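Small disclaimer: the values here were computed from a predicted structure and weren't measured. Note on naming: letters A, B, ... go to the chains in the order of the sequence lines (proteins, then strands), and numbering restarts at 1 for each one.
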2 protein chains.
Amino acid sequence: MLDAGLHLLADQNLASLGVREVTREAGLSPAAFYRHFPDLAALGVALVEESLASLHVMIRSVLAEAGDAEELIDRAVDVIRRHVREHRPHVRFLARERHGGVRRVREAIDAELGRFAAEVGAALALQPVSRGWSEQDLRMLAELYVDHMVSTASAFLEAQEADPDRERRIAATARLQLRLISLGRRHWRGN
Amino acid sequence: MLDAGLHLLADQNLASLGVREVTREAGLSPAAFYRHFPDLAALGVALVEESLASLHVMIRSVLAEAGDAEELIDRAVDVIRRHVREHRPHVRFLARERHGGVRRVREAIDAELGRFAAEVGAALALQPVSRGWSEQDLRMLAELYVDHMVSTASAFLEAQEADPDRERRIAATARLQLRLISLGRRHWRGN
DNA sequence: GAACTCGGTGAACATTTGTCAACCGAAATC
DNA sequence: GATTTCGGTTGACAAATGTTCACCGAGTTC
């Protein structure tokens, strides 16, 4: 049933999805839906959790790597690209519903992205470049990174629909941007 | 009719909007809709244009200002906050439909954001800090700024629903982030 | 003054929808 | 071996939907 929903949400959004539509796609009778979810919103929340599980794995794999800044940037962008490629439906769902019409789903996504930012912040604190940084500064940097990741993922999403060259350009741009941020980081407060 | 649509899209998204719903809100008969638009998508595109007109004005007003980097950042963030406050329905609409379920609307928004980036890029090229920057570098910086603006506007959108304190925190974070970017900019390629 | 366009109405069409109650077989529990 | 739970079905209900057609009054144009 979740798969059916996800498949339909490829070119629709949650608010315009219908119970009957989902069950039809899943090959079940309409009433069967209510055996699993009370609401369509509930199905949405379930999809959020499913989607974020894989995202979580991705983020950790980026944070865990070691190497100099350049290598790290290259790998981060690459991981994002691969992730979008391999989980396109999930990523599309998240992008679409992040500001979508269903409050509960929006809140679930936002809360989870906030948790990601916290995790990234904790990882940043461990790097030597961050010595002397305040909590607030770390947090804002983490949010900048997360926002940038989201933007990049969205861009990949639209690009990969067809254009393999545009995908390369997006990756190049993202790397440059991360390099600039990393530069600003090294010179923060005259460090 | 546009106003009616915009009002309904406060807690719905375009794909789930109905012709009858719009006309009912506008106080007209269902058939009247087809006198103005062939489609609901067409109404969406019209709303995009309406929304982007005000956005355009905002961006120009930021770019036109002069002053040192700090002042510029403060004013930019302030303009964004004010804009979200005064045009909340339009901004909400853009955020929601940017990755929404209606292709034509999505494309219209993306094309226009691209044009914004070009405009920002042109303005950046005139600043002395950008001497020696390649076209590509300018473009990536412009996109970074535009993406950041979009993220910030989205954040304001959610915050202003109720919480006036959270709004101040978001503004503070945005300023820090812009400051960091501006720092990276000054040290780009060892300038 | 006649003709035409513009923006509006009302009624009708088949279609789709959400939701529920009653029922049912199989598997798990006791 | 009886009973309960689980996940499924059928069928029905009123309600809402997109779209079209014929019609109409008020301005505008000729």
For residues 138-148 of chain B, dump all side-chain donor-acceptor pairs below 3.5 Å to protein atoms at least two apart in sequence or in another chain.
residue	atom	partner	partner atom	Å
B:Arg139	NE	B:Glu143	OE2	2.9
B:His148	NE2	B:Gln177	OE1	2.8

OH of A:Tyr34 versus C1' of C:dA21: gap in Å, rounded?
-> 14 Å
Do you see a donor-acceptor pair shorter than 3.5 Å between the side chains of A:Ser130 and A:Arg185?
-> yes
Contact list for DNA chain D against residues 6-24 of chain A - heavy-atom distance below 4.0 Å | A:Arg20
B:His36 side-chain proximity, nearest of C:dG7, C:dA21, C:dG10 | C:dG7
Has the side chain of A:Arg175 got a donor or acceptor atom that lies under 3.5 Å from a matching backbone atom of A:Glu70?
-> no
Could you tell me the separation between the CZ atom of A:Phe37 and the P atom of D:dG7, rounded to a whole number of Å?
-> 11 Å
Let me see the working for B:Glu97 and B:Arg106 under salt bridge (charged side-chain N to carboxylate O under 4.0 Å, His left out), right down to the final yes or no.
-> CA-CA 6 Å; B:Glu97 300 303 330; B:Arg106 240 178 335 183; over 6 Å; no
Are there more than 12 heavy atoms of other residues, nucleotides or ligands under 6.0 Å from atom CD of A:Gln136?
-> no
What is the distance, rounded to the nearest whole Å, between atom CG of A:Leu40 and atom C1' of C:dT19?
-> 12 Å
Show your reasoning for whether side-chain contact (heavy atoms from CB on, under 4.5 Å) applies to A:Phe156 and A:Arg88.
-> CA-CA 10 Å; A:Phe156 276 136; A:Arg88 183 182 347 252; over 6 Å; no
Protein and nucleotides 23-26 of chain D: nitrogen or oxygen contacts under 3.5 angstrom:
none

Could you tell me whether A:Glu107 and A:Arg103 have a side-chain N and a carboxylate O separated by less than 4.0 Å?
-> yes
Tell me: CG of B:Leu28 to P of C:dG7, nearest whole Å?
-> 12 Å
Atom CZ of B:Phe33 and atom C1' of D:dG18 are separated, to the nearest Å, by 10 Å
Given DNA chain D, 5'-ward residue of the pair A:Ala31 and B:Pro30, judged by closest heavy atom | A:Ala31
Scanning both residues in full, the closest heavy-atom pair of B:Leu52 with B:Phe116 reads CD2-CE1, 3.9 Å
